[in-house]
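Take a look at the structure set out below.
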Amino acid sequence: MTAARPDRCLVGRAPDGGWALVDLDAAGSRLGESACTTAELPAVMARREAEDGPRWVLSDTRTVYPRLLAAGVRLARAHDLRLVHTILRGSTVVTDPAALRAAQLWEVLPVAIPEHSATPAAGATLFELEPGGRAGAAVPEETGEMLAETARQQRAIETSAEPSRLRMLTAAESAGALVACELQAAGIPWDVAEHDRILAADLGPRPRPGQVPAAMAEVGAEVRAALGEPLLSLDSPPRLLRGLRRAGIDVASTSRWELEGIEHPAIAPLLRYKKLSRLLTANGWTWMEEWVHDGRYRPVYVPAGVVTGRWASSGGGALQIPRQLRPALRADAGWRLVGADVSQLEPRVLAAMSGDRAMAEAGAGRDLYAGIVDAGIVATRQEAKIAVLGALYGGTTGDSGRLVPRLRSTFPAAMSLVDEAAATGERGGTVTTWLGRSSPAPEEAWRRAQAAANSVDAAPGEQERSRREARDRGRFTRNFVVQGTAAEWALAWIAGIRRRLAALPEVPAAESAVPSGPVFARRAHLAFFLHDEVIVHAPAAQAEQAAAAIREAAAEAGRLLFPRSPVDFPLDLQITERAASK
DNA sequence: GTTCCCCGCGCG
DNA sequence: AAAGCGCGCGGGGAAC
C-alpha cells in the first residue's frame with residue numbers, strides 16, 4: 001500500500017532536541033511523522049525536497065533556512081507561520097481573526113533580528129539556539145504548537161471573504177522569506193577597488209584614522225572663511241545653524257533644500273561639504289571594511305519590515321545604497337548583472353486595482369507620465385510625475401496641490417480609490433491591499449483625541465490639531481493601499497524569478513573559490529531586491545535566460561494579481577558587468 | 001558611561 | 001523648486 005503524497009511537510013522541534021517532520025495532506029490531516037537530529041536535517045530535507053517537493057511549513061524561515069543554504073540545500077516552497085500570522089490576524093478579509101489573536105505564542109512583531117553578516121559567527125549558531133533564546137521576537141518551534149497554528153491559519157484563509165487572494169498573498173509572502181535568506185547567503189557582488197576609486201575621486205585618498213579627508217577639509221575651510229568663523233563645527237546642525245545666522249543667513253534649519261536657494265559665498269561649499277560628509281559617514285571606507293567580505297556585501301533583508309508589506313533591511317543600509325556607489329556592484333569574472341526595474345510601478349498598480357481604463361491607456365506600451373502629457377492633462381513629464389505622486393501621497397500644496405485635481409476628472413476611478421482610502425483613514429478606519437493585507441488600526445490615543453476634539457466644549461486649538469492628525473492618517477491609508485499592493489506585485493515577481501532561475505541548468509564550476517555559496521555558485525540567482533527593482537547575478541551564458549525569466553515573471557505577476565486587466569508592467573532591463581550609476 | 005531622540009539625507 | 005508616503009543609519013547632544 002502506498003502512502004498518499006504529502007501536500008505539506010511541517011518541520012519543528014522534537015522533545016528530545018532533534019527535529020520532527022510531520023507530513024500533512026491538502027486538508028491538513030496528518031499523514032505521518034519522522035524524526036532526525038540537527039546534523040541530519042539538511043540531508044533529510046534535501047531528500048524530501050527531491051522526492052516529493054512538499055510546501056515546507058516553518059515557524060520562521062530565517063531561523064532554519066540559512067543553515068540549509070550553507071549546507072547546499074535549497075527549498076522550492078514554504079509557508080512561514082510567523083509572517084502569515086501577522087498578515088491574517090490583522091486582515092479585514094479574515095472573517096473571524098479572534099482565534100488567531102488568541103494564539104498568544106504567535107503574537108509576535110516582525111522585528112529585525114540583530115544578527116548580521118558583520119558577525120559571521122552568529123549565523124552559524126542559529127540552529128542551536130533554544131526557542132526564545134534569540135534576540136527579537138521568538139515563535140514556537142515545537143510541532144504541536146505549529147500544527148495548531150497551521151490549522152488556525154488554514155481555517156482563517158478558507159473561511160475568509162477572499163480565500164484565493166489570501167492563498168496567493170501567503171504563498172508570495174513565504175516565497176519572499178525564502179528569497180530574503182537566499183539574497184543574504186548569495187550576497188551582492190561588490191568591487192571594493194571600484195568603491196575605493198569612487199571615494200577617492202570625491203574625498204581624496206583615504207585619510208589616516210581620525211583625520212578628515214582632504215577634499216572635506218578644503219571645502220570645510222572655504223565655508224568657515226566665508227562665514228568668518230574659523231572654528232565653526234559643520235557637523236553639528238545646532239552649531240552650524242547658529243553660525244549661519246550670525247553671518248546673516250536667515251534659515252530655520254540647515255537642510256539642503258532650505259540652503260539651496262540662498263545667495264551667499266558659504267552656501268556652495270557647505271552643500272558640497274554635506275555631500276562629502278554623507279558619503280564618508282554612510283558608505284565610506286569604514287562601511288566597506290565592516291560590510292564587504294570576500295567580494296560580497298551581505299545585508300539582512302527583513303520581509304514585511306514595513307507595515308505596508310514592503311521589505312526593510314538591517315545592517316549597512318542595503319536599501320539606501322546611493323546611486324553614486326552603484327558602479328561598485330560588479331559581476332564576478334565570467335558573470336553578468338541582469339538589472340531590471342519596473343517603470344512607474346505604483347501608479348500602474350493603482351490603475352489596475354481601480355480598473356481605471358483611461359489610466360491604463362495612458363501607460364499602455366509607454367512611459368505613463370508621457371502618456372499623461374500626450375493626453376493633454378499637463379504640459380511636461382515632470383508635471384505629470386508631480387501630479388501622480390501627489391495623488392499617491394496626498395499632496396495638497398504647491399505644484400502638487402495645483403496639479404492633482406486635473407487627474408481627478410481624467411482618471412476618476414483611480415482617484416476615487418485613493419480618495420476613499422484617505423477618507424477611511426481620516427475616520428479611523430482600516431484599509432486593505434488588493435490581496436488582503438490590512439493597515440494597522442489607529443492608536444487608542446489617536447481615537448481619544450479625535451473623539452475629544454469632536455465634543456462641544458473642545459478648544460479651537462485642540463480641534464485644529466486633531467483635524468491635522470486625521471489628515472496625516474488619511475495620507476497614510478491613501479498611500480497604504482497602493483504601496484502595499486505594489487509590494488504584493490513585487491513579491492509575486494521575485495517569487496516567479498526565483499522559480500525560473502532555479503530551473504536553469506548548472507554551469508561548470510569555476511576553478512576559484514566562489515563566494516556566493518554552494519547553492520548559487522553555478523547558476524543565475526537573485527542578488528539584490530529593492531521595492532521595484534532586482535539585480536540577478538548570472539553566468540554570462542545564462543544572462544539572456546535570466547533576462548527572459550525576469551520579463552516572464554513580471555508578466556506573470558500582472559496576470560496573477562490582475563487577471564484580464566489591460567494594465568502592463570514594462571521593465572527597464574540591462575545586462576552589464578557593472579551596475580550603472582543612474 | 002549608556003540610552004534615546006532629533007536632524008539630515010540616502011533609497012523607492 | 002519642493003511636496004505628499006514608506007523606510008535605515010550616523011552623528012550630536014540631551015537625558016538618564
Side-chain angles (χ1 to χ4, degrees), chain A residues 110-112 114 116 118 233-241 251-262 270-271 273-284 286-287 290-291 299-302 304-326 341-347 349-350 380 382-383 385-404 407 418 421-422 425 431 433 439-440 471-487 489-490 528-534 582:
Chain A
V111 294
H116 54 60
S233 163
L234 308 180
D235 300 316
S236 162
R239 288 167 192 242
L240 176 57
L241 186 60
V251 283
S253 78
T254 65
S255 47
R256 181 169 51 86
W257 62 266
E258 189 157 5
L259 297 176
E260 264 168 358
I262 291 169
L270 176 56
L271 293 173
Y273 180 89
K274 284 165 154 293
K275 196 93 184 160
L276 296 177
S277 171
R278 167 76 191 185
L279 178 63
L280 177 71
T281 56
N283 296 101
T286 308
W287 180 94
E290 183 177 3
W291 291 105
V300 175
Y301 294 86
V302 186
V306 181
V307 284
T308 58
R310 268 191 177 182
W311 289 14
S313 71
S314 169
L319 306 189
Q320 300 103 243
I321 298 170
R323 309 295 309 191
Q324 186 185 4
L325 245 48
R326 289 295 182 94
D341 65 84
V342 194
S343 309
Q344 305 104 29
L345 175 59
E346 291 192 356
V349 158
L350 172 58
T380 65
Q382 184 60 17
E383 281 190 334
K385 191 170 176 177
I386 290 167
V388 168
L389 292 182
L392 299 182
Y393 298 159
T396 56
T397 61
D399 281 355
S400 180
R402 179 171 61 82
L403 295 167
V404 170
L407 298 182
V418 286
V431 296
T433 61
S439 64
R471 285 192 301 271
D472 288 349
R473 190 159 189 283
R475 285 193 303 276
F476 166 62
T477 52
R478 167 190 293 272
N479 186 246
F480 183 96
V481 292
V482 180
Q483 186 183 120
T485 303
W489 186 96
F528 186 60
F529 169 54
L530 178 55
H531 309 320
D532 62 354
E533 170 187 359
V534 295
K582 69 185 216 65

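In what follows, every chain begins at residue 1, and chains take the letters A, B, ... in the order their sequences are listed. Small disclaimer: the values here were computed from a predicted structure and weren't measured.
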**Atom-pair distance (CD on A:Gln382; P on C:dA3), nearest Å** = 14 Å
**Fill in**
By nearest-heavy-atom nucleotide on DNA chain C, the more 5' of A:Asp235 and A:Leu392 is A:Leu392
**Message:** So, OP1 or OP2 of B:dG8: does either fall under 4.0 Å of a side-chain N or O from A:Thr254?
**Reply:** yes
**Request:** Return the value, rounded to whole Å, for the distance between atom CZ of A:Phe480 and atom P of B:dG12.
**Result:** 22 Å
**Message:** Suppose we call a contact any N or O donor and acceptor under 3.5 Å apart; does that hold for the side chain of A:Arg278 and the base of B:dC9?
**Reply:** yes
**Request:** Respond yes when some side-chain nitrogen or oxygen of A:Lys385 is under 4.0 Å from OP1 or OP2 of C:dA3, and no when none is.
**Result:** no
**Prompt:** So, for A:Val482 and A:Val349, which heavy atoms are closest and what is the spacing to 0.1 Å?
**Reply:** O-CG1, 4.1 Å
**Residue-phosphate contact under 4.0 Å: A:Lys274 side-chain N/O, B:dC9 OP1/OP2** = yes
**Fill in**
Between CD1 of A:Ile386 and P of C:dA2 the distance, given in whole Å, is 10 Å
**Message:** Using OP1 and OP2 only, check whether a side-chain N or O of A:Arg239 sits under 4.0 Å from C:dG13.
**Reply:** yes
**Message:** Both A:Glu258 and A:Val307 contact DNA chain C. Which one's nearest nucleotide lies toward the 5' end?
**Reply:** A:Glu258
**Request:** Of all the heavy-atom pairs spanning A:Ser439 and A:Thr477, show the shortest one and how long it is.
**Result:** OG-CG2, 4.3 Å
**Asked** Do A:Asn479 and A:Glu346 come within less than 4.5 Å of each other through their side chains, counting heavy atoms only?
**Response** yes
**Message:** I'd like to know if A:Arg323 reaches the base of B:dG10 with its side chain, counting only an N/O donor and acceptor under 3.5 Å.
**Reply:** no
**Message:** What is the separation between atom CG on A:Leu234 and atom C1' on B:dG8, rounded to the nearest whole Å?
**Reply:** 14 Å
**Fill in**
note: A:Trp287, atom CH2; B:dG10, atom P; distance rounded to Å ~ 16 Å
**Request:** Considering just the side-chain nitrogens and oxygens of A:Ser236, establish if one lies under 4.0 Å of OP1 or OP2 belonging to C:dG13.
**Result:** yes
**Message:** Please check this pair: side chain of A:Glu383 against backbone of A:Leu403, looking for a donor-acceptor N/O pair closer than 3.5 Å.
**Reply:** no
